[in-house]
2 protein chains.
Amino acid sequence: MALDHRPRPATQSDVAREVGVSRTLVSFAFRGAPGVSDETKQAIFDAAKRLGYRPNAVAADLARKHRSAVGLYLMDIRNEVYADILSGVRTALHQDRNRLILSVSRSVDGEDQGALESLMEARVGIIIAATLLDSDERAQELAKLVPLVSVTRRIEGVDSVHSDDAAGARAATEHLIRLGHTRIAHLAGPAYDGHTVRRESYAKTMRDAGLKPLTLAAEDFTQDSGERAAARLLGMADRPTAIFTHNDQLALGAREAAYAGGLSVPADLSLVGYDNSRTSRLHGIDLTSVDLHAVELGRRAGVAALNRLMDPEAPIADERLLPELVVRNSTAPPREGS
Amino acid sequence: MALDHRPRPATQSDVAREVGVSRTLVSFAFRGAPGVSDETKQAIFDAAKRLGYRPNAVAADLARKHRSAVGLYLMDIRNEVYADILSGVRTALHQDRNRLILSVSRSVDGEDQGALESLMEARVGIIIAATLLDSDERAQELAKLVPLVSVTRRIEGVDSVHSDDAAGARAATEHLIRLGHTRIAHLAGPAYDGHTVRRESYAKTMRDAGLKPLTLAAEDFTQDSGERAAARLLGMADRPTAIFTHNDQLALGAREAAYAGGLSVPADLSLVGYDNSRTSRLHGIDLTSVDLHAVELGRRAGVAALNRLMDPEAPIADERLLPELVVRNSTAPPREGS
DNA sequence: GTGAAAGCGCTAACAC
DNA sequence: GTGTTAGCGCTTTCAC
């Protein structure tokens, strides 16, 4: 067998025995607690190195009746926004010695029990969730079991750091109205509690401008489902001349549907996405999109988690960032007569 | 405080006390072990539900002197390939009740100690690594501490499931040669042990065709660094008419560099990527790319991990899949006279 | 069928 | 400075 014999990992006791001290001293030494002479400390570290000892954080947590790991739930690993949030969370957590346990939603099927469950099983001390698919109610229940920080979505009674979706959707819609579009559709995601703000803001903005809103919900948040939904929109008799989508992936799907139908962007169809992903910035894609500053969102969520861990009694955090519309080349005035 | 009082989670003892049996019975009941009457079992489950008891998998592992969690290391969360591998791994692990702990490399800086360390700390029973940045030697050392499955990269003496990179790079290079290109450059990633196969295969294919290889290593695997490196390539006196890149992100960066320099793809520059990412399939991007079947790679890695867990003495796995060149519109014959 | 007791690797009083 | 002891939530002999 090429595999070497894997010896049972060294424990505190092994180190203590090797040095000839008690386990307590080893424990103290590794946690930097006072009460261990420098010599002893050196001897302990040397022995530990020799034996290949590494503290068992899991057992330590158990003994301490305390949970040091922070769990991060991500709805969609294929969406850059979540990668950005991860980056942000990490920079915030970097200082502390916290372990970060990631968990990704299995599929975008409207419930994240599996992923959340695995975080609970791993016995994390707090969960940062981006973006919860569950209802507000279930989220609030979850928060009773373990501290919860919701990113990207505001939940009453739960630490939340989110982006002003109403403002973002309004900016996107107004941009299209200002260009002269009147038949502006909205390609929404599935209608979960956390995802209604953008569609409502879109509808309100349309009505305020005297226009008729037209919202179609995609099956999920993927490019494929965006393409399917947009194909339906573009097949209508009075097809829209502009579409504002819930996220960039849906927008890219709509873009494919347009080209598949012989339409081009922005000449025949204006498109506004949401997320300002890297792909949206590619030459030839040039997607107008709303940037919700995901890295910063993640960073703040990390800070909020740290705060909550330090003070369980602190008031509920509720932070809101302002998104920003980035205008590129996927939007233009509608063609004459269309 | 809006936050409800968070009660200490119920334990086995609580359930046992509630039902009026010993802890052992509760333990047996939850693990489906024989020796518990159906009535008792029912009573136990009822009480557990009432009390909101959920088994502590971490403590169970500790007591069992066994590690049930599987750790998955991903090099780059922004690269779709890794999202695909994650999907594959999950489908393979789905049957089993194994916990999956994710860990993503902090930055692409040539060493993944941090991410690996966190997996060790979480006390996982096996690590699936995609793609290790460390040297073969360090990977082999790691494998002595905890079972390791390497995906995407073959490591001697370690369970590996990878794609035939030599074949992939050869196919890409030959495709460009066949189109008539002679000045074909290769944009490689940083030169880690695991990433040399593609560049070597490219060089060999060039030499075999009587052409002179020109390899430039990007600083990392991101689009930005691809853009910078490609800009240097395109600024050369005798600039290449085609570039084959280590991955799609680098290729997209090269594409940006081309357009920034007034060149268009494929008229002035042919481009072949690697990964066949979703972005590469977008209308207007149409990137010719090598598909390494990442989902299947991940699935097999998951299976390999399960096997290793079941039989530590089994022979080392070494699986290799054949990649596939997907030709799109980013490659064309070189312009006359160039 | 059921339960008592020891132990997993570690922490945290408290005493010496 | 250093060691003793009890215990975290659970599993696992082994005896009743």
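Order of the sequence lines fixes the chain letters, A, B, ..., with proteins taken first and strands second; residue numbering starts at 1 for each chain.
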Please answer whether the main-chain N or O of A:G20 pairs with a side-chain N or O of A:R17 as donor and acceptor at a distance below 3.5 Å. no
Whole-Å distance between D:dT4 P and A:Q12 CD? 15 Å
Picking from C:dT11, D:dG9, D:dG3, the nucleotide nearest the side-chain atoms of A:A63 would be C:dT11
Which pairs, with at least one residue in residues 47-58 of chain B and sequence neighbours excluded, count as a side chain to side chain donor-acceptor pair (under 3.5 Å)? A:E117-B:R54, B:E18-B:R50
Would you mind reading off the distance between B:D61 atom CG and D:dT12 atom P, rounded to a whole angstrom? 11 Å
Got a sec, which residues hit salt bridge (Lys or Arg N to Asp or Glu O under 4.0 Å) with A:R123, two or more places apart in sequence or on another chain? none
Just to be sure I understand the rule, does B:R31 reach a base, reach only the sugar-phosphate, or reach nothing, if contact means heavy atoms closer than 4.0 Å? base
Set of residues satisfying side-chain contact (heavy atoms from CB on, under 4.5 Å) with respect to B:S103, sequence neighbours excluded: B:A115, B:S118, B:L119
Between C1' of C:dC8 and CZ of B:R67, the distance in whole Å: 12 Å
For B:D136, salt bridge (Lys or Arg N to Asp or Glu O under 4.0 Å) partners two or more places apart: B:R153
Between A:H66 (NE2) and D:dG9 (P), how many Å, whole number? 14 Å
Which part of the nucleic acid does B:S13 contact within heavy-atom distance under 4.0 Å: base, sugar-phosphate only, or nothing? nothing
Tell me whether the OP1 or OP2 atom of D:dG9 has a side-chain N or O from B:T11 closer than 4.0 Å. no
Does any residue of residues 41-49 of chain A have a heavy atom under 4.0 Å from DNA chain C, and if so, which ones, in number order? none
Atom pair distance, as rounded to whole Å: CG in B:D14 and C1' in D:dG9: 10 Å
By salt bridge (Lys or Arg N to Asp or Glu O under 4.0 Å), A:R31 pairs with (sequence neighbours left out) none
Choosing from C:dT2, C:dT11, C:dG9, which nucleotide comes nearest the side chain of A:N56? C:dG9
Look at the side-chain N and O atoms of B:T40 and state whether any lies under 4.0 Å from the OP1 or OP2 oxygen of C:dT2. yes
Counting distance only, does the side-chain N/O of A:H162 pair as donor-acceptor with the main-chain N or O of A:L321 below 3.5 Å? no
Please tabulate the protein-to-nucleotide N/O contacts below 3.5 Å involving nucleotides 13-16 of chain D, giving atom names and distances.
none

Mapping A:R64 and B:G20 to their closest nucleotides on DNA chain C, which lands nearer the 5' end? B:G20
How is A:V58 classified with respect to the nucleic acid when contacts are heavy atoms under 4.0 Å: base, sugar-phosphate, or nothing? nothing
For the backbone of B:S68 and the side chain of B:D61, can you confirm whether one donor and one acceptor N or O come within less than 3.5 Å of each other? yes
Just jot down the salt bridge (Lys or Arg N to Asp or Glu O under 4.0 Å) partners of A:R299, sequence neighbours excluded, or say none. A:E296
Regarding B:R154 and B:E156, does a basic nitrogen lie under 4.0 Å from an acidic carboxylate oxygen? yes
Counting side-chain heavy atoms from CB outward, which of C:dG3, D:dT2, D:dT12 is closest to A:L25? D:dT2
Figure out the CG/C1' separation between B:L62 and D:dG7, and round it to whole Å. 13 Å
Could you pull out all residues at least two apart from A:A29 that satisfy side-chain contact (heavy atoms from CB on, under 4.5 Å)? A:K41, A:I44, A:F45
Counting side-chain heavy atoms from CB outward, which of D:dT11, C:dT11, C:dG9 is closest to B:A60? D:dT11
Quick one: which of C:dG9, D:dT11, D:dT2 gets closest to the side chain of A:S37? D:dT2
Which of these nucleotides, D:dG3, D:dT11, C:dT2, is closest to any side-chain atom of B:S27? D:dT11
Rounded to whole Å, how long is the line connecting atom CZ of A:R8 with atom P of C:dG9? 6 Å
Does B:F30 reach a base, just sugar-phosphate, or nothing at all? Heavy atoms under 4.0 Å. nothing
Looking only at the side chain of A:V21 (C-beta and beyond, no hydrogens), which of the listed nucleotides D:dT2, C:dC8, D:dG3 gets closest? D:dG3
